[in-house]
Amino acid sequence: MAKKGHHHDHDYFHIVMVPFMAQGHLIPFLELATKIQQQTTSSSSSSFKITIASTPLNIQHLIKHYHNHNNNHNNHNNIHFAELPFNPAQHGLPQNGENTANLRSVDENLKLIQASLSFEDPLSSLISKIKEEEGNPPLCIISDLFFGWANNVAKRFGTKNITFTTCGAYGTLAYMSVWSNFPHRNCSDSDEFSVLGFPENYKFQRSHMYRYLREVDASNDLARFLVSQLSLSMESDGWICNTVEEVETLGLDLLRKYIHLPIWSLGPLRPLPLKGKETSMASEECIEWLNLKDQRSVLYISFGSQNTISAFQMMALAEGLEKSETSFIWVIRPPLGFDINGEFNADEWLPKGFEERMKSTQKGLLVHQWGPQMKILSHKSIAAFLSHCGWNSVLESLSCGVPIIGWPLAAEQAYNAKMLEEELGVGVILTATVESVVSNEEVKIVIDMVMHQERGKGMIMKEKAKEIEVVMREATMEKGKVKGSSINAMDDFVRFILPTKTM
Ligand code: UDP
């Protein structure tokens, strides 16, 4: 059976992608699409048309992002976007509640993730339409880890389904296993517990888990959603992971044993650089400020696209920074309990005169709301990253050779932070969760260790981060006949999804 679609005089194989509606999922899916296109075009093997399907607001967001990041000479890209009809109000969500960025509570996040089940019919219609137009269903569907239901659609049309987990292998496994088994609820009064899928003697800490996860059990609605969707995702034909084989040896080994499916490590999928004219004022200000600083002397601080710390923690962090006299760039938003996109009330949330003092001494730059993270991390003045350990931030930091001070808050961030500290030796956990009571002295001690120590753990973290930067770069490079692991994995993935030739 021929599976190629036809577009003008050009033959291609069609892939349909369905990402979860959060920045940290949408962008890696777009990067995955771009990477599939780039590698298959440059190796002049088969060519692919890729359609990314999501709700109207997310599609608008993706198109804008795509155009801002693509140079004109990239016009060989055959990436398309399809809208899946979605009415947020029908699911009890606010009018713009199509993306986690616009949600205000755990309850709304739960509603959005449950509402994704309603995409099954629109996705089926999209696949039908493609089948009608091209004579065949798409070669495969690549669906988010949370969208196990996509397997039902794929089966109906006799096509493959591939699950894409936008997290690392270690974090994905720990997240899946914890939400399926709740091991932290059976460890009596000890803080330590083991997780199915990890060696028995390998211990996780309950105190590093955020309160919601610590308090719920298997009867919780999110737990029930995750258990059903994750087990459906385990029926996929294979998984793609945004990681690098050599960086996540343990995590990949354990995840493969847990899901019994092929896993292709195609990372690091990093944000494409912005086109010159799209750079913002904030971006120029940050770079000019960093240009005046010594090499490897500045700490970068950010808690990702949707998290913030408590008002109490914000005060401790500011005081600790001032005590340690470290230079820093801090992407700052209102603390927990306030509108994260609202006005910043410095008088209330920061030490008196903090922002002015940091400005006049040129010790610190506060960037409100959103910073150009990749530009900052790749600047030679950056020495370390104080991060919530969202997986994209982790990959971006390591691919720039920057060690990480972990302050995990939600999702699988605590497992990422643990992996960075214990497996890779490129991280140290300062504190965990938004509920923790951290003192300015604790902040100062950890920052001093990483920023100012000439020997010991802080120094080793920096060296290891540099080594990982090289490993990551080589994974995506081709030197003569030697291909990096992520390139090989892509070749292998493409061979896997292509129909076997019949004579
Ligand atoms: N990001 C950014 N500027 C900011 C905050 C975040 O560019 O001020 C980007 C960051 O580079 C990363 C993504 O947003 O690519 C955040 O993803 P991550 O997985 O680290 O965390 P999440 O936001 O999903 O919690």
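Both counts, for ligands and for their atoms, begin at 1 and track the order of listing.
Considering each of N392, N416, N307, the one bringing a non-hydrogen atom nearest atom 18 (P) of ligand 1 is N392.
Between G304 and ligand 1, no pair of N/O atoms sits closer than 3.5 Å.
Between the side chain of E246 and the main chain of V471, no donor-acceptor pair closer than 3.5 Å is present.
Of all the atoms in ligand 1, the ones that sit under 4.0 Å from a non-hydrogen atom of E396 are 10 (C), 11 (O), 12 (C), 15 (O). Applying the 4.0 Å criterion to heavy atoms of V331 picks out, from ligand 1, the atoms 8 (O). Which parts of ligand 1 touch H388 is read off a 4.0 Å heavy-atom cut-off, strictly below it: atoms 20 (O), 21 (O), 22 (P), 25 (O). Using a 4.0 Å cut-off to heavy atoms of S393, the atoms of ligand 1 that qualify are 18 (P), 20 (O). Taking every heavy atom of G371 and a limit of under 4.0 angstrom, the matching atoms of ligand 1 come to 2 (C), 3 (N), 4 (C), 7 (O), 8 (O).
Heavy atoms of W391 found under 4.0 angstrom from ligand 1 belong exclusively to the backbone.
Under the ring-ring contact (aromatic ring centres under 6.0 Å, His included) criterion, W349 pairs with F338, F344, not counting sequence neighbours.
Figure legend: K363 and F328 shown without cation-pi pairing, the cationic atom not lying both under 6.0 angstrom from the six-membered ring centre and within 45 degrees of its axis.
A tilted orientation is assigned to the rings of Y170 and F204, their planes being inclined by 30° to 60°. Ring geometry, H25 versus F20: the interplanar angle exceeds 60°, so the pair is classed perpendicular (tilted spans 30 to 60°).
H208 and Y415 have their aromatic ring centers separated by at least 6.0 angstrom.
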